[in-house]
Structure formats: structure tokens, C-alpha cells
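Down below is the structure, laid out as C-alpha cells.
Read the numbers this way: they start at 1 and go in the same order the structure lists the ligands and their atoms. These numbers were taken from a predicted model, which means no experiment stands behind them.
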Amino acid sequence: MSSSPQGHGHFGDRLRNWLSLSGLVIMLGSVFAFLMLFIVDMMKGSANPYVGILTYMVTPAFSTLGVTLVVLGIVFKRRQERREGRRTPIVIDLSRPRDRRILGIFVTGSILFLFISAFGSYTSYQFTESVTFCGQACHEVMEPEMVTYSHSPHARVSCVECHIGPGATWFVRSKLSGAYQVYATALDKYPRPVPTPIENLRPARDTCEHCHWPQRFSGDLVRTYHHYLSDEENSEYSVRVMLRVGGGDPDQREVSGIHWHIANKVEYIATDKSRLEIPWVRLTDSQGRQTEFRTPEFTEDIARHEIRTMDCIDCHNRPAHIYKKPNDAVDRALAQGWIDRSLPGIRAKATEALVQEYATKDEALQRIAETLTAAYPGEPTILPAIAAVQRIYSDNFFPTMKANWRAYPEHIGHKDWPGCVRCHDDNHVSTDGQRTISFSNCNSCHLILAQGQGEELELMTLGGQEFKHPGEDYDPAFKCHDCHTGGP
Ligand code: HEC
Ligand code: HEC
Ligand code: HEC
Ligand code: HEC
Ligand code: HEC
Ligand code: HEC
């Protein structure tokens with residue numbers, strides 16, 4: 001069974017072609033590169049997205065390329081041999097030391113490679129699930145989402161826990177759309193701002209409800225909304241509100257309050273993409289009775305529209321990416337003392353400076369400093385105030401991505417966006433004409449415990465006060481968001 005050049009070929013011979021040899025070099029090189037980078041990544045401990053991309057995406061791609069080249073080389077070589085009439089079956093003769101050696105190297109090499117690949121794909125998988133990858137790798141595109149997320153109550157919840165959730169189908173769906181997103185980013189084809197709402201976002205019951213038990217009775221929440229007027233004195237006008245959040249589990253307490261919507265099925269039709277126009281609502285109560293509400297203007301056939309079932313996202317649509325409204329952010333800075341309230345008219349001027357059109361963040365920060373310095377010459381406290389306004393800008397405005405509060409409507413509340421008033425506007429009438437979804441009954445959602453400034457805020461009325469709007473009375477036909485926009 002001796003081998004001869006014309007007789008049987010060796011496997012090692014087949015590897016001797018340019019394609020396979022270069023493939024081998026690429027493969028070994030990338031495995032070493034992977035190991036090196038992996039050690040660097042472990043030792044640095046810091047989450048650098050570029051090391052991550054190199055380690056877990058680029059080097060595995062090269063290993064795969066290497067293996068493909070090796071195999072292709074062998075296939076071509078065989079074809080060539082066949083064409084030249086040298087059909088030579090591989091014969092491995094274990095009695096020959098050379099064959100034993102080659103086989104040994106081959107088997108050990110394969111096991112090592114498979115092991116490293118398995119380990120590599122696991123770490124690659126983990127990496128593509130990390131906040132670093134989702135939020136920082138495509139730095140410019142995701143900067144707005146990442147920055148606002150890191151200031152939110154969910155800053156310790158990873159992106160995938162809300163955007164993908166557990167289970168294989170959603171995992172595959174997300175990787176497929178992710179692959180398209182990598183392509184769109186590489187070719188600069190993505191829209192600015194990144195559009196919202198996300199179409200086909202995984203239903204909240206699979207994500208939010210993984211951590212938040214929806215039926216939990218939250219009880220009443222007391223919140224103070226600090227506000228200042230745009231007058232010379234920056235007069236305070238704060239509102240202390242008790243929100244009747246309630247709960248949705250009849251076994252615990254009565255189903256009541258705002259979270260009543262979770263225990264009852266509420267469906268709706270939105271006629272615009274942002275879901276700001278809701279002309280039709282259908283309620284199915286716990287006894288299975290259905291009530292349809294629609295606005296008088298909406299006469300279309302409902303079969304032509306998509307019907308959505310209300311879930312957490314229809315109210316809590318900004319739990320993680322919170323673009324603060326300039327008014328609220330400046331009010332917060334005044335309440336905290338970061339901006340000196342004794343600077344005349346600073347509330348109006350600071351908000352005005354924030355909402356100008358700026359091309360880049362650097363330009364914005366510089367122009368904010370210039371405008372405010374010029375408006376308050378010789379005032380020492382303007383310096384910390386400028387720093388506070390600049391910080392508000394950096395955290396909430398992203399000019400190159402055109403992302404700020406205006407691009408992302410918020411559905412909770414009703415002051416600056418329609419929110420609850422999309423349905424609760426006294427204008428959605430039930431089919432029998434007997435009921436409307438109410439707004440004017442303010443106390444069904446909250447009690448105003450105190451309002452105004454200074455001592456007025458200590459005078460709490462547990463039964464709830466009538467809201468006293470600052471300034472002159474306005475026509476009650478107006479809704480709050482007709483005048484209030486979150487900006488000046
Ligand atoms: C607490 C849950 C939660 C976490 C954590 C979270 N998101 Fe979101 N994200 C949402 C919701 C809810 C929306 C809005 C969905 C809608 O209105 O359809 C959203 C929207 C987005 C959008 C679309 C643009 C926009 O702002 O509406 C992008 C992009 C995005 N998220 C990226 C990320 C990235 C990157 C991370 C991690 C750094 C992350 N998200 C973490 C819940 C979350
Ligand atoms: C991985 C767990 C997890 C997931 C998933 C999650 N949350 Fe949360 N959420 C938390 C934790 C923890 C807190 C409390 C944070 C704190 O108080 O420090 C919280 C707080 C909140 C709050 C109160 C915020 C505040 O201002 O005090 C709301 C509202 C909320 N989550 C809604 C949502 C919604 C809507 C989703 C789905 C889009 C969601 N959460 C998904 C863990 C989660
Ligand atoms: C009808 C609108 C609406 C729906 C639907 C809704 N919420 Fe809420 N939720 C509110 C409002 C309003 C508050 C009061 C806090 C606020 O205004 O920010 C609140 C408060 C909360 C809080 C904070 C409670 C606390 O004790 O601090 C959590 C957590 C929460 N919601 C989770 C959820 C989850 C999870 C879902 C989906 C199962 C959900 N909510 C559905 C309107 C809603
Ligand atoms: C459908 C429920 C609902 C009804 C009805 C309702 N509100 Fe509200 N209101 C809310 C919620 C929810 C918030 C809290 C928003 C948030 O957390 O940002 C709020 C907040 C407020 C605030 C504080 C806003 C701020 O930013 O300072 C005022 C003032 C207010 N409501 C007044 C009224 C008045 C006056 C009425 C009656 C004409 C009314 N509301 C009816 C749900 C409602
Ligand atoms: C998609 C439409 C829709 C939206 C958006 C909506 N609601 Fe409702 N809500 C309803 C319907 C329908 C009812 C039942 C009205 C009835 O029974 O007459 C209701 C009832 C309520 C009730 C009374 C529950 C009870 O105990 O009977 C409260 C409180 C409430 N909503 C608060 C809110 C708040 C706060 C928001 C905004 C964060 C909001 N709703 C947003 C449709 C909506
Ligand atoms: C006709 C227009 C109009 C309507 C409608 C309106 N407001 Fe106002 N509101 C104003 C103006 C103007 C100011 C004074 C703004 C200033 O000085 O900065 C103001 C001031 C306020 C303030 C204190 C300062 C601030 O900017 O937050 C609150 C709180 C407020 N309004 C809440 C509401 C609520 C809640 C509603 C709905 C129930 C409402 N407003 C409806 C025009 C309106």
C-alpha cells in the first residue's frame with residue numbers, strides 16, 4: 001500500500017494550492033487576532049464598542065472567509081486533477097508516520113478551531129445583545145437614544161430587554177432587521193430623526209410585563225410639577241397633584257384609576273402614523289359587554305383601518321428615551337438652583353436660547369454661552385446658569401440627528417401633547433349617544449392638592465382643588481396642548 005505520485009494522493013497535497021494556503025493563513029491569523037483582542041477586551045474591562053466590533057464581528061468574519069478559501073482550494077484542486085485524468089482517491093495509511101502526523105495535526109486543529117468558533121460565536125452573540133453594541137457602536141445614529149436612556153429610570157435595563165425580549169422568533173427577527181440596519185448605517189441611508197413609533201415593536205406584555213407585574217396595585221402617586229412663568233420675576237407656579245394610578249387586579253384591590261385600562265380591553269384606531277389622532281375606541285369590559293366610541297367627524301368604515309389593543313406603550317411610550325421639554329428642563333434647573341432665579345427673565349431667555357436652530361452641538365453650546373453672556377453683562381451667577389443650560393442642551397438636543405422633544409410625542413398626561421386627551425376629550429361619543437370619554441371630570445384621574453407658590457403649596461386640600469390657571473381665563477373650548485407645546 002505504498003504511495004506513489006501517480007497512485008494515491010495525500011490529503012496534505014490537496015492543501016498545497018494557493019487558495020487553500022492563503023485561506024489557512026487568514027484563518028490562523030484571525031484566530032490569533034481573536035485571542036489577542038479577546039484578552040485586550042477582558043483586561044481593559046471598559047466597554048469600547050470598536051474593540052467589541054473587531055473582536056466579535058470582524059475577526060470571526062475573517063475566520064469564516066479563511067475556512068471557505070481552504071475548502072474552495074481543495075475543491076478546485078480536485079477538479080483540476082480530475083480534468084487532467086489524475087483521479088486520485090485519498091488514502092490515509094496510519095502505518096506511515098507522515099500520515100499519522102498530518103492526521104493528528106488535522107484533528108487537533110479542527111477540534112481547537114471548532115472550540116474557538118463556538119466560544120467566539122457565543123461571545124459574538126452576547127456582544128450583539130449588549131448596550132455597548134446597541135447604543136454606542138453606531139455612535140452617531142444611536143447617540144440620542146443612548147444619552148436619553150442613560151438619564152432615564154431604565155438606565156440599568158439593557159436595550160434588548162425592551163426591544164427584543166426572550167424567545168427565539170423575536171431573536172431571529174431582530175437579527176434580520178439588525179443586519180439591514182448595519183447596512184443602512186454603513187451606507188448612510190438612515191432617516192433623521194430615527195422614526196417613532198417603532199412598527200411591529202414587540203407587544204409590551206412580553207417585554208415590560210417581564211419585570212412589571214401589570215396588575216400590581218400602585219395606589220396613588222403624589223407628584224409636584226415645578227413651573228415658572230416667563231415674566232421678569234420668573235414667578236413660580238407649581239402644581240401638586242395626586243395621580244390615581246390604582247391597579248388592575250380585582251383579587252388585590254378594586255380595579256380602579258388609571259391602570260384600569262390594563263384590566264379592561266381597550267382597542268382603538270389611529271389615523272396617523274404617530275398615533276396622535278384616535279377617532280374610534282372600543283371598550284370590552286370584564287363582563288364582555290362592548291361599547292364603541294367615535295368622534296362625530298369620523299364616519300369611515302372601521303374595516304379599512306388597523307385596530308390596535310391598548311397596552312403600556314400607548315401611555316408609557318417614552319420610558320427610556322426621555323427628551324426633556326425645554327420648559328420643563330429649565331423649570332427643573334430653576335427649582336434646583338442650578339439657574340439663579342434672581343436673574344430677571346432668565347426662564348424665558350434660557351428656553352429661547354435652547355430652541356434656536358443650530359447645525360451642530362458645538363455651535364449650539366457656543367451660541368448659548370454668547371447669547372446669555374450678552375443678555376446679563378457683569379452678572380457673576382450667569383456662568384453657572386450657562387453651564388446648566390448647556391448641559392440641558394447636550395442631554396436633550398441632537399442637531400445632527402434632528403432629535404429633540406418635538407420629534408418624539410409623549411403620550412402620558414395632556415399638557416404639552418394630546419396624550420390622554422386623544423381619547424378623553426368629551427368628544428368621543430358611544431353608539432347609543434349616552435356616554436363620552438371624559439376630560440372635564442378632572443378628578444377621575446387626579447386630585448390637585450395644592451397649587452401656586454411658596455405657602456400656597458403647603459395648603460393641601462385632600463378633596464382636591466379646582467385648577468386655577470395662572471394669568472387670565474381662557475376659552476374652555478381650548479385644550480391645554482392647543483397652547484402649551486413644551487417650548488416657549
Ligand atoms: C424600558 C424599555 C426600553 C429600553 C431599556 C430601551 N428602549 Fe428603545 N424604546 C423603547 C420604547 C417604548 C420606544 C418607543 C416605541 C414606540 O413608540 O413605538 C423606544 C424607541 C427606540 C428607538 C426609536 C426612536 C425613538 O426614540 O422612538 C430606538 C432607535 C431605540 N429605542 C433604541 C434603543 C437603544 C439603542 C437602547 C439601549 C441603549 C434602548 N432603545 C433601550 C423602550 C426601551
Ligand atoms: C428588565 C426589567 C425591566 C423592564 C423590561 C422594564 N422595566 Fe420599567 N422599571 C424597571 C425598574 C427596575 C424600575 C425602577 C427604577 C428605579 O426606581 O430606580 C422601572 C421603572 C419604571 C417606571 C417608573 C418610572 C418612574 O418615573 O419612576 C415606569 C413607568 C416603567 N418602568 C415602565 C416600563 C415600561 C413601559 C416598560 C416596557 C417598555 C418597562 N418599564 C420595561 C425595570 C424594567
Ligand atoms: C392609560 C394609560 C396607562 C397605561 C395603559 C399604563 N400606564 Fe402605567 N402609569 C400611567 C400613569 C399616568 C402613571 C403615573 C405616573 C406618571 O404620570 O408618570 C403610571 C405609573 C406607572 C408606574 C409607576 C408606579 C409607581 O408606583 O411608581 C409603573 C411601574 C407603570 N405605570 C407601569 C405600567 C405598565 C407595566 C403598564 C402595562 C402593563 C402600564 N403602566 C400601563 C398610565 C398608564
Ligand atoms: C384622563 C385623565 C385625566 C384627566 C381627565 C385630566 N388629567 Fe390632568 N393629568 C393627567 C395625568 C396622567 C397627568 C400627569 C402627567 C405626567 O405625569 O406628566 C396630569 C397632569 C396635570 C397637571 C400638571 C401638569 C404639569 O405638567 O404641570 C395639571 C395642572 C392638570 N393635569 C390639570 C388638569 C385639569 C384642570 C383637568 C380637568 C379639566 C385635567 N387635568 C383632567 C390626566 C388627566
Ligand atoms: C385609546 C383611548 C384611551 C386613551 C389614550 C386613554 N384612555 Fe382612559 N379610558 C378610555 C376609555 C374608553 C375609558 C372608559 C370610559 C367609560 O367607561 O365611559 C377610559 C377610562 C379611564 C378612567 C376611568 C377608569 C374607571 O375607574 O372607570 C381613567 C382614570 C382613565 N381612563 C385615565 C386615563 C389616563 C390618565 C390616560 C392617559 C395617560 C388615558 N386614560 C388614556 C380610553 C382611553
Ligand atoms: C389659551 C391658551 C392656554 C390654554 C388652553 C392653557 N394654557 Fe396654561 N398657560 C398659558 C400661558 C400663556 C401661560 C403663561 C406662560 C408663561 O408665562 O410662561 C400658561 C401657564 C401655565 C402653567 C404655569 C407655567 C408653565 O409654563 O407651565 C401651567 C402649569 C399651565 N399653564 C397648565 C395648563 C393646563 C394643565 C392647561 C389645560 C387644563 C392649560 N394650561 C391650558 C396658556 C394656556
task: Distance to 0.1 Å, residue and atom name: give those for the protein heavy atom nearest to atom 5 (C) of ligand 4.
output: Phe439 O, 3.3 Å
statement: Checking heavy-atom distances from atom 11 (C) of ligand 2 to each of Arg223, Arg156, Arg318, His212, the winner is His212
task: Classify the side-chain pair His226/Asp331 by whether it contains a donor and acceptor separated by less than 3.5 Å.
output: no
query: Tell me, which protein residue and heavy-atom name are nearest atom 25 (C) of ligand 4, and how many Å apart are they?
result: His227 NE2, 3.3 Å
- request: For atom 15 (C) of ligand 4, find the nearest protein heavy atom and state the residue, atom name and distance (0.1 Å precision).
  value: Gly413 CA, 3.5 Å
message: Hydrogens and angles aside, do Gln451 and Gln465 bring a side-chain donor and acceptor to less than 3.5 Å of each other?
response: yes
- prompt: Do you see a protein non-hydrogen atom under 4.0 Å from atom 32 (C) of ligand 2?
  reply: yes
query: Are Ile258 and ligand 5 in contact, using a heavy-atom cut-off of under 4.0 Å?
result: yes
- request: Measure from NZ or CZ of Arg391 to the centre of the six-membered ring of Trp338, then state whether that distance is under 6.0 Å and the direction lies within 45° of the axis.
  value: yes
query: Is the shortest distance from a heavy atom of His210 to ligand 2 less than 4.0 Å?
result: no
message: For Lys325, is there an ion pair with Glu410 - N to carboxylate O distance below 4.0 angstrom?
response: yes
query: Do any nitrogen or oxygen atoms of His316 come within less than 3.5 Å of a nitrogen or oxygen of ligand 2?
result: no
task: Could you tell me whether some N/O pair between His154 and ligand 2 is separated by less than 3.5 angstrom?
output: yes
message: Taking backbone and side chain together, does Cys480 place any N/O/S atom at a distance below 2.8 Å from atom 8 (Fe) of ligand 4?
response: no
message: Under 4.0 Å, counting heavy atoms only: does Asn317 come that close to any atom of ligand 2?
response: no
Nearest-contact summary for atom 23 (C) of ligand 4 - protein heavy atom, Å: Tyr225 CD1, 3.9 Å
field: Ligand-residue contact atoms, ligand 2 with Ile313, heavy atoms, under 4.0 Å
entry: 38 (C)
- line: atom 2 (C) of ligand 5: of Cys423, Gly246, Cys420, the nearest heavy atom sits on Cys423
Atom 8 (Fe) of ligand 4 contact by Cys445, N, O or S atom under 2.8 Å: no
statement: Taking only non-hydrogen atoms of Arg422 and a 4.0 Å limit, the atoms of ligand 5 in range are 5 (C)
- request: Taking only heavy atoms of Ser444 into account, list the atoms of ligand 5 that are under 4.0 Å away from them.
  value: 29 (C)
query: Going by atom types alone, do Asp314 and Tyr268 pair a side-chain donor with an acceptor below 3.5 Å?
result: yes
- prompt: For atom 8 (Fe) of ligand 2, is the nearest protein heavy atom closer than 4.0 Å?
  reply: yes
- prompt: For ligand 5, is any non-hydrogen atom under 4.0 Å from Met310's backbone (N, CA, C, O), its side chain (CB onward), both, or neither?
  reply: side chain
message: Counting non-hydrogen protein atoms only, what is the nearest one to atom 24 (C) of ligand 4? Give residue, atom name and distance.
response: Lys415 CD, 4.0 Å
